[in-house]
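Just the heavy atoms: all of them, side chains too, but no hydrogens, waters or symmetry mates, feed the values below. All ligand and atom numbering here is 1-based and tracks the order in the structure.
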Amino acid sequence: MVQEQLINRGITSPRVIAAMSQVHRHLFAGEALSLHAYKDKSLPIGEGQTISQPYIVAKMTELLDLKGHERVLEIGTGCGYQTAVLSLLCKRVYSIERIESLHSLAKTNLRKGRHSNVMLKSGDGLLGWEEYGPFDAIIVTAGGFASDLWLDQLTDDGVLLLPEGTGKDHKLVRRQKNGNTVDEEYFDDCTFVPLLAGVN
Ligand code: SAH
């Protein structure tokens, strides 16, 4: 998976490659799907939601350029796979999931994997998590448009990364805060499950 799907497609960060090699995707994909866990595709995780394909997880992680000292907020915990990868690369991950059963699944998965620098919340990620902000990075793993609250909850040089767009047409966008200005860069086209308001 790492050579064919990540390195051959341009993932170069040694830290990201090491983290992707270390986290066992089959533990997150669930027993029935474990045979498919390392394939080049997204997989269902229940409640109509999916775990992203490995390349997209690696790409998004690489775009955050984590050094190890950061506090990162993730919107859309899902089964906790992306959370686990992030937890190996930064100081602490805070992650919010709007579907209660997936929040519980992620809690079990991350505990099994001994990812202890992770804090999970069941709730609406559009609100951010002010109590623990400001964050060095916010990563959104559902597709849609950014909540204004996210930029407010970033540090002065924080970075916001999300799949932006409507329907199934999303594009990865990275907004780098620079005091009062924000630099924006667009990357891969992709398809994510929708970012939805409220809880379920
Ligand atoms: N990173 C996840 C991907 C899960 S799919 C993984 O590795 O498994 C995206 C998730 O975002 C879904 O579980 C969906 O329920 C959640 N989501 C969508 N809108 C949300 C919101 N406003 N707040 C929190 N979670 C949200």
Report yes or no: does a heavy atom of [X] sit under 4.0 Å from some atom of ligand 1?
X: Glu74; value: yes
X: Asn200; value: no
X: Gly123; value: yes
X: Cys79; value: yes

Is the closest side-chain donor-acceptor distance between Ser87 and His115 under 3.5 Å? yes
[X] side chain to [Y] backbone, donor-acceptor under 3.5 Å:
X: Glu70; Y: Cys90; result: no
X: Asp124; Y: Val199; result: no
X: Thr166; Y: Gly144; result: no

Top protein contact for [atom], by heavy-atom distance:
atom: atom 23 (N) of ligand 1; answer: Gly125 N, 2.8 Å
atom: atom 7 (O) of ligand 1; answer: Gln82 N, 3.1 Å
atom: atom 12 (C) of ligand 1; answer: Gln49 OE1, 3.3 Å
atom: atom 11 (O) of ligand 1; answer: Gly76 CA, 3.2 Å
atom: atom 24 (C) of ligand 1; answer: Arg98 N, 3.4 Å

Looking at Tyr81, is Arg25 sitting on its ring face, NZ or CZ under 6.0 Å from the six-membered ring centre and within 45 degrees of the normal? yes
Are more than 12 heavy atoms from other residues, nucleotides or ligands located less than 6.0 Å from atom CD of Gln3? yes
Heavy-atom count check: over 12 atoms from other residues, nucleotides or ligands less than 6.0 Å from Asp183 CG? yes
Looking at every heavy atom in both [X] and [Y], which two are closest together, and how far apart are they?
X: Gln5; Y: Pro54; result: OE1-CG, 3.4 Å
X: Phe145; Y: Trp150; result: O-CZ3, 4.3 Å
X: Thr83; Y: Val93; result: CG2-CG1, 3.9 Å

For ligand 1, the portion of [X] having any non-hydrogen atom under 4.0 Å away:
X: Val193; result: side chain
X: Thr50; result: backbone
X: Glu97; result: both
X: Pro194; result: backbone
X: Thr141; result: both
X: Val57; result: neither

Going by the order shown, which atoms of ligand 1 are within less than 4.0 Å of some heavy atom of [X]?
X: Ile99; result: 15 (O)
X: Leu102; result: 13 (O)
X: Ala142; result: 11 (O), 18 (C)
X: Thr77; result: 1 (N), 2 (C), 6 (C), 8 (O)

Report the relative orientation of the aromatic rings in His24 and His26; use parallel for angles under 30°, tilted for 30 to 60°, perpendicular for over 60°. tilted
Give yes if a backbone or side-chain nitrogen or oxygen of [X] is under 3.5 Å from a nitrogen or oxygen of ligand 1, and no if not.
X: Ser52; answer: no
X: Leu196; answer: yes
X: Ile51; answer: no
X: Ile45; answer: no

Evaluation steps, salt bridge (charged side-chain N to carboxylate O under 4.0 Å, His left out), between Arg9 and Asp188: CA-CA 12 Å; Arg9 279 194 213 155; Asp188 302 47; over 6 Å; no
When you check the gap from the basic side-chain N to the acidic O, do Arg175 and Glu184 get nearer than 4.0 Å? yes
In sequence, state the C-alpha distance, the side-chain angles, and the governing distance for Asp40 and Gln53, and then conclude on side-chain hydrogen bond (donor to acceptor under 3.5 Å, both in side chains). CA-CA 6 Å; Asp40 184 19; Gln53 68 185 111; 2.9 Å; yes
